[in-house]
Novice: 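Here it is, the structure in full.
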There are 2 protein chains.
Amino acid sequence: MVTIKDVARVAGVSPSTVSRVVSGNPRISTETSRKVKEIMEQLGYHPNVMAKSLVSKTTQTLGILLPRPAEELFLNFFFGELIRGIVTQATRAGYDMLMTTVTSDHDELETISRLVRGSRVDGLILLSSRKNDPVIAFLQAHNFPFVLIGRSDEFPDIISIDNNNVQAAYEATNHLIAQGHERIGFVSGPPNLVVSQDRLAGYHQALKEAKLPSKQEWILEGDVLQESGFRAMSFFMSLPDRPSALVVYDDLIAFGVLRGLTELGYSVPSDMCLVSFNNIPLSELASTPISSIDIGTYQLGYTATQSLLRAVHGEPLSQNQIVIPHRLIVRESSIQPNLKRT
Amino acid sequence: MVTIKDVARVAGVSPSTVSRVVSGNPRISTETSRKVKEIMEQLGYHPNVMAKSLVSKTTQTLGILLPRPAEELFLNFFFGELIRGIVTQATRAGYDMLMTTVTSDHDELETISRLVRGSRVDGLILLSSRKNDPVIAFLQAHNFPFVLIGRSDEFPDIISIDNNNVQAAYEATNHLIAQGHERIGFVSGPPNLVVSQDRLAGYHQALKEAKLPSKQEWILEGDVLQESGFRAMSFFMSLPDRPSALVVYDDLIAFGVLRGLTELGYSVPSDMCLVSFNNIPLSELASTPISSIDIGTYQLGYTATQSLLRAVHGEPLSQNQIVIPHRLIVRESSIQPNLKRT
DNA sequence: CTGAAAGCGCTTACAG
DNA sequence: CTGAAAGCGCTTACAG
């Protein structure tokens, strides 16, 4: 391994000078700089990142904490797209991304602590938020730069990038109401996630404003796999007063719902209308293309990284909470041509 | 930030001793060890990872090189599942994962070089292989530990984890042949990927052995988006002598194929049978559940990491090429009850 | 514009 | 079983 000393010796200068050339210090003569660069190239010199980090107290690395397996499974497409947004922006800014996962609730803080207090990363991105998240409390207590993709009621001032999920679910529900539906159900995600709660709230709000009935049995807070949508259907369809449309928490679950209805002999949209979230690429390729709220997943990741980098560099943020716009993409699953408006 | 010196001072021992306690050196008295640990706990000491890396020449970090955007889009589910397998195994072994992406062919080697020669990671996982991959040549030239998820003709001796894609496609094709199909087409992925070539080869092999015709116009080497399956269909179905079954490179593309056929008024499996690859969770939730080869994506990532860690630790590998078993999951898309065998 | 020196926080022969 | 010392590869006041 060729070090800064080797370059210095061959170039006939001091290690300090080589260091300055590498970092682009302006007080180096162009002549010296040229020569040193030539030697570096010649010897194949590459700065040792660890040594640099040790003295500069900065790692040029951001951390991502992966959610626990259960949630992760669900995230899937969403997750991949988010990571893509994050990594793209980080790379562009010259940062690497470090990923760790926790295996249990128990070691969660230990994992974080290792990264934070061991000076492993300069900042951290949290991919999802639960109620009373201890990770957030820890990071805030240690005054460590981080951003949350999502929202936190308990810590309203932290930097967070989110959709307006209440509004999005409100619009999705209103879209169904505008089609003339009066009995509208909701298939939810993991109840401890803030995003689940927000979407449920928006749904309730829309029903309330439209003075439509809201029944507990029309709401299913299931687990997160696409299968849960499937199981939900036999239940829903056997209700005496079953809903005629559903707001579904996530496209994957919507696929399960669609499949479940088909197997039970019902068809979408004529027997049941659907609106879902995330707008994964497959949504439009379903047997009945699924109406879905596009939440700008890539942009969510991209923007989160931008904000985090600003925080890391101590630059001021114009706003701590950024809302990524959403957009309802209407497809066949929510359009019933033969249904009259009330 | 509390350092090893702080702990040493408070505990009344030398920094060397503290270091030995941290690393679990056996020649430390239990008494000293106990006391030092207590102080560490008390002061909230966490080892500085950078400093340790600098002297130990090891980072406890593995790198993942993300494929370029185009391919990445396609990978999607596959990609997420693979990463999950990798991160799980790495975490279990006490390693972090570093992700970087390349923005262009141009900076590909530079990115790798920075990681490798800057001592940023202990080993590297390549997520896919192209023909004549310069990254592989570079890593081998520098004698740097890495594993390839995939296969390389040019570098047959490197550590690689792969499916037997030739055999898998051979079986998929034979499955269709066994159903009585005689005109079988192939919808491929990016032609420069080894996996595309392998699957195409297996398809050809099966046709050849069964002495079935193989026509160039039955083979579509498209790009990687699910959309390409869609476009493929208008072409295929308008052929005078069109195939009655298709082997499709990937489930996402199969979704596009399915959708395209539906829109053109054809149905699966009665007008066209399908077998695909990857067995993503949504395959069984398609309007017609899609027969797919499960390639053990999670296991691919998991095993790759295990092998890489062995290589990093200089442990011998029983075999450099590991093949993860695949399994054809037969669903409705490839079963034509009313079709007689020839 | 450049160099000598100290130091980042840790590890590890060497000596006892 | 423990400590003093040197060193990992870099940066950065300080001095000139």
Side-chain angles (χ1 to χ4, degrees), chain A residues 1-40 43-61 94 113-122, chain B residues 1-40 43-61 94 113-122:
Chain A
M1 159 149 306
V2 24
T3 75
I4 220 170
K5 282 185 187 169
D6 300 322
V7 177
R9 192 170 357 91
V10 177
V13 297
S14 75
S16 327
T17 300
V18 176
S19 173
R20 290 189 182 104
V21 170
V22 170
S23 65
N25 188 314
R27 312 191 297 189
I28 294 289
S29 73
T30 47
E31 167 60 15
T32 311
S33 173
R34 200 198 45 66
K35 187 174 62 188
V36 170
K37 277 179 181 157
E38 190 182 310
I39 306 288
M40 292 195 320
L43 298 184
Y45 170 73
H46 275 261
N48 182 309
V49 185
M50 298 303 158
K52 173 164 183 182
S53 290
L54 183 56
V55 12
S56 69
K57 306 284 183 204
T58 159
T59 62
Q60 294 286 105
T61 306
S113 184
R114 192 173 48 81
L115 295 185
V116 170
R117 315 194 41 192
S119 302
R120 196 74 185 74
V121 296
D122 295 345
Chain B
M1 160 149 306
V2 24
T3 76
I4 219 170
K5 281 186 188 168
D6 301 320
V7 176
R9 191 168 0 89
V10 177
V13 296
S14 76
S16 328
T17 301
V18 177
S19 173
R20 290 187 182 106
V21 170
V22 170
S23 65
N25 189 313
R27 314 190 293 190
I28 294 288
S29 74
T30 47
E31 168 59 14
T32 311
S33 175
R34 199 196 47 67
K35 188 175 62 188
V36 170
K37 277 177 181 157
E38 191 183 309
I39 306 289
M40 290 193 323
L43 298 184
Y45 170 72
H46 276 260
N48 181 309
V49 186
M50 297 303 158
K52 173 167 183 178
S53 290
L54 182 57
V55 12
S56 69
K57 305 284 182 204
T58 159
T59 62
Q60 296 286 104
T61 305
S113 184
R114 192 173 48 82
L115 294 185
V116 169
R117 315 194 42 191
S119 302
R120 197 74 184 75
V121 296
D122 295 344

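Naming: A, B, ... by sequence-line order, numbering from 1 per chain.
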Novice: A quick test of your reading: do over 12 heavy atoms of other residues, nucleotides or ligands sit less than 6.0 Å from NZ of K35(A)?
Specialist: yes
Novice: When you compare the side chains of S19(B) and S16(B), does any donor N or O come within less than 3.5 Å of an acceptor on the partner?
Specialist: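 On atom types as modelled, these side chains do not qualify, holding no pair under 3.5 Å.
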Novice: Just to verify, what does V22(A) make a side-chain contact (heavy atoms from CB on, under 4.5 Å) with, not counting sequence neighbours?
Specialist: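 Expected list: V18(A), M40(A), Y45(A), P47(A).
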Novice: Closest approach of V7(A) and V2(A), non-hydrogen atoms and distance?
Specialist: CG2-CG2, 4.2 Å
Novice: Applying side chain to side chain donor-acceptor pair (under 3.5 Å), can you list everything that pairs with S56(A), at least two apart in sequence or on another chain?
Specialist: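 If we apply the side chain to side chain donor-acceptor pair (under 3.5 Å) test to S56(A), skipping adjacent residues, there are no hits.
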Novice: Which nucleotide span of DNA chain C, 5' end to 3' end, has atoms closer than 4.0 Å to non-hydrogen atoms of chain A?
Specialist: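 The footprint of chain A covers dC1(C) to dG9(C).
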Novice: So, using side chain to side chain donor-acceptor pair (under 3.5 Å) as the criterion, who are the partners of S53(A) when residues are at least two apart?
Specialist: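 Checked S53(A) against side chain to side chain donor-acceptor pair (under 3.5 Å); zero matches.
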Novice: Quick one: list whatever passes side chain to side chain donor-acceptor pair (under 3.5 Å) with S23(A), sequence neighbours left out.
Specialist: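 Residues passing side chain to side chain donor-acceptor pair (under 3.5 Å) with S23(A): none at all.
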Novice: Just to verify, what does R114(A) make a salt bridge (charged side-chain N to carboxylate O under 4.0 Å, His left out) with, not counting sequence neighbours?
Specialist: D96(B)
Novice: I'd like to know whether T3(A) forms a side-chain contact (heavy atoms from CB on, under 4.5 Å) with N48(A), so could you lay out the CA-CA distance, the side-chain angles of the two residues, the decisive distance to 0.1 Å, and finally the verdict.
Specialist: CA-CA 8 Å; T3(A) 75; N48(A) 182 309; over 6 Å; no
Novice: Want to know the stems of DNA chain D: at least 3 consecutive Watson-Crick or G-U pairs with distances under 3.5 Å, which are they?
Specialist: C:1-3 with D:14-16, C:5-12 with D:5-12, C:14-16 with D:1-3
Novice: Got a sec? Which of residues 3-28 of chain B come in under 4.0 Å of DNA chain C, heavy atoms?
Specialist: T3(B), I4(B), S16(B), S19(B), R20(B)
Novice: Using the P atom as the point on both nucleotides, what is the distance between dA6(D) and dT2(D), in whole Å?
Specialist: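 Taking atom P in both dT2(D) and dA6(D), they lie 23 Å apart.
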Novice: I'd like the P distance from dC10(D) over to dC14(D), given in whole Å.
Specialist: 24 Å
Novice: Tell me which donor-acceptor pairs under 3.5 Å the side chains of residues 24-32 of chain A have, and how far apart each pair is, sequence neighbours excluded?
Specialist:
from: N25(A); atom 1: OD1; to: R27(A); atom 2: N; distance (Å): 2.9
from: S29(A); atom 1: OG; to: T32(A); atom 2: N; distance (Å): 3.1
from: S29(A); atom 1: OG; to: T32(A); atom 2: OG1; distance (Å): 2.6

Novice: Is there a donor-acceptor pair closer than 3.5 Å between any side-chain N or O of D122(A) and the backbone N or O of T58(A)?
Specialist: no
Novice: By side chain to side chain donor-acceptor pair (under 3.5 Å), which residues pair with S33(B), not counting sequence neighbours?
Specialist: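 Expected list: none.
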Novice: How would you list all residue pairs meeting salt bridge (charged side-chain N to carboxylate O under 4.0 Å, His left out) that involve residues 8-21 of chain B, not counting sequence neighbours?
Specialist: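 Every pair satisfying salt bridge (charged side-chain N to carboxylate O under 4.0 Å, His left out) with a residue in residues 8-21 of chain B: D6(B)-R9(B).
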Novice: Contacts to DNA chain C from residues 47-59 of chain A, heavy-atom cutoff under 4.0 Å, which residues?
Specialist: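 Heavy-atom contacts with DNA chain C come from L54(A), V55(A), K57(A).
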